[in-house]
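Here's the structure, in structure tokens; my notes come after.
Naming convention: chains lettered A, B, ... in sequence-line order (proteins, then strands); numbering from 1 in each chain.
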Amino acid sequence: MTFRKYLVLAGVTISAPVGDSLLSRGMKDVGSISLHNLSHILLAILNPWVAMGILFLLGFFACYTTALSWADLTYVLPATSLGYVLLALIAKFLLNEQVTPARWAGILLISAGVGFVTRGPVLTHPVAHESERSSETVSTGGSR
Amino acid sequence: MRPLYTWSAITAIVLASTTGDVLLSHAMKQVGDVHQLWRRNGTFTVVGRVLHNPYFLLGVLSMATAFYSLLFALSWADVSLVGPAAASLTFVANAMAAKIFLNERVDRRRWIAALLVAGGVVLLAA
């Protein structure tokens, strides 16, 4: 694991909760969407909060796919969950919201889960090299 | 009616995002380490190779389905229910899917981690 890879994982962790909060804020403006009025859900994108949320989620997606190119899915996913911990800490220290003991317990469990995974190997993918090699030969064959 | 709608949307989010995660992970393993590829061949090769991967495109389609299901769910229920419920179920579903479809070695350490994270996410919503 290099510093750059930790930066990518940090991007995965931070951009998802920020994007989700922006979406949530925006959807409160848009209001309840009924199944009879499906066009409203397409117009929801025009709401600036939703639009900003989508931008952050695009950043998340770029970091996420990058991380998946060198790490297991079950390695990267717990990193995304650290975002919830971040969200609770922001609520406590920036928004002065009450964080209940149950939430602190939740934070502890998630952190323990992430700790568990990061102590193990990054990639355990037995067929990864095989498929990588076959795609390598196909693509280099095509580009030459 | 509303809880039924909400949980249907949450189920849709879990299924679509698990499918998307598995497809994306498979696609990116085929593409190979993005950073090394970028240093060797430049940005265009990376973007081209990613966008030409059919698994990637299918994965994005699944993710888009999950995203719109999320928008539906958020319009029916609070983010504090939808977010953690969908996320914690997706963790467990993903651990199973990664073992079955991606042949990842989901050992005891990773199972415990998936369950700890899923439980933690539920507690955060409590």
- Exceeds 12 heavy-atom contacts within 6.0 angstrom, atom CZ of Phe56(A): no

- Query: Can you say whether Tyr75(A) sits under 4.5 Å from chain B via the side chain, the backbone, both, or neither, judging by heavy atoms?
  - Reply: both

- Query: Does the side chain of Val60(B) come within less than 4.5 Å of Phe61(A)'s, by heavy atoms?
  - Reply: yes

- Task: Please tell me if the side chains of Val34(B) and Trp70(A) come closer than 4.5 Å, counting only heavy atoms from C-beta onward.
- Result: no

- Task: Look at Thr65(A), Leu23(A), Val76(A) and state which one has the largest set of heavy-atom pairs under 4.5 Å with chain B.
- Result: Thr65(A)

- Query: Is Val14(B) reachable from Leu23(B) through a run of hydrophobic residues whose side-chain heavy atoms are each under 4.5 Å from the next?
  - Reply: no

- Do the charged groups of Asp72(A) and Arg105(B) touch, with an N to O distance under 4.0 Å? no

- Cut-off 4.5 Å, heavy atoms of chain B, and the answer for Ala71(A) is backbone

- Let me know if Tyr68(B) has heavy atoms under 4.5 Å from chain A in its side chain, its backbone, both or neither. both

- Item | Toward chain A, the part of Val22(B) with a non-hydrogen atom under 4.5 Å | both

- Query: Is any side-chain heavy atom of Thr66(A) closer than 4.5 Å to a side-chain heavy atom of Trp38(B)?
  - Reply: no

- For Gly106(A) and Leu123(B), the nearest pair of non-hydrogen atoms, with its separation, is CA-CB, 3.6 Å

- Honestly, the part of Leu82(A) sitting under 4.5 Å from a heavy atom of chain B is neither

- Task: Using a 4.5 Å cut-off on heavy atoms from C-beta on, say whether the side chain of Val117(B) contacts that of Leu109(A).
- Result: no

- Query: Do the side chains of Val12(A) and Leu7(A) join up, straight or via other hydrophobic residues, at under 4.5 Å, putting them in one cluster?
  - Reply: no

- Task: Give the minimum heavy-atom separation between Arg110(B) and Thr74(A), together with the two atoms involved.
- Result: NH1-OG1, 2.8 Å

- Under 4.5 Å to a heavy atom of chain B? For Leu57(A) that would be side chain

- Query: Can you check whether Met63(B) reaches Tyr64(A) side chain to side chain, under 4.5 Å on heavy atoms?
  - Reply: yes

- Item | ILVMFWY network linking Leu37(B) to Leu24(B), side-chain heavy atoms under 4.5 angstrom | yes

- Query: For the residue pair Leu68(A) and Lys29(B), what are the closest heavy atoms and their distance?
  - Reply: O-NZ, 2.6 Å

- Message: When you group the ILVMFWY residues by side-chain heavy-atom contacts below 4.5 Å and let the links chain together, are Leu70(B) and Ile45(A) in the same group?
- Response: yes

- Quick one: what part of Ile112(B) sits under 4.5 Å from any heavy atom of chain A, side chain, backbone, both or neither? side chain

- Query: Is any side-chain heavy atom of Ile110(A) less than 4.5 Å from a side-chain heavy atom of Leu116(B)?
  - Reply: no

- Indicate if Leu102(B) and Leu57(B) have the same hydrophobic cluster label, given that clusters are the connected sets of ILVMFWY residues with side-chain heavy-atom separations under 4.5 angstrom. yes

- Quick one: closest heavy-atom pair of Phe91(B) and Ser81(A), and the distance? CZ-CB, 3.4 Å

- Residue Leu115(B) versus chain A: region with a heavy atom under 4.5 Å: neither

- Task: Please report the closest heavy-atom contact between Gly113(A) and Ala113(B), naming both atoms and the distance.
- Result: O-CB, 3.3 Å

- Query: Yes or no on side chain to side chain contact (heavy atoms under 4.5 Å, CB included) for Leu73(A) and Glu104(B), after CA distance, side-chain angles and deciding distance?
  - Reply: CA-CA 8 Å; Leu73(A) 181 60; Glu104(B) 283 182 17; 3.3 Å; yes

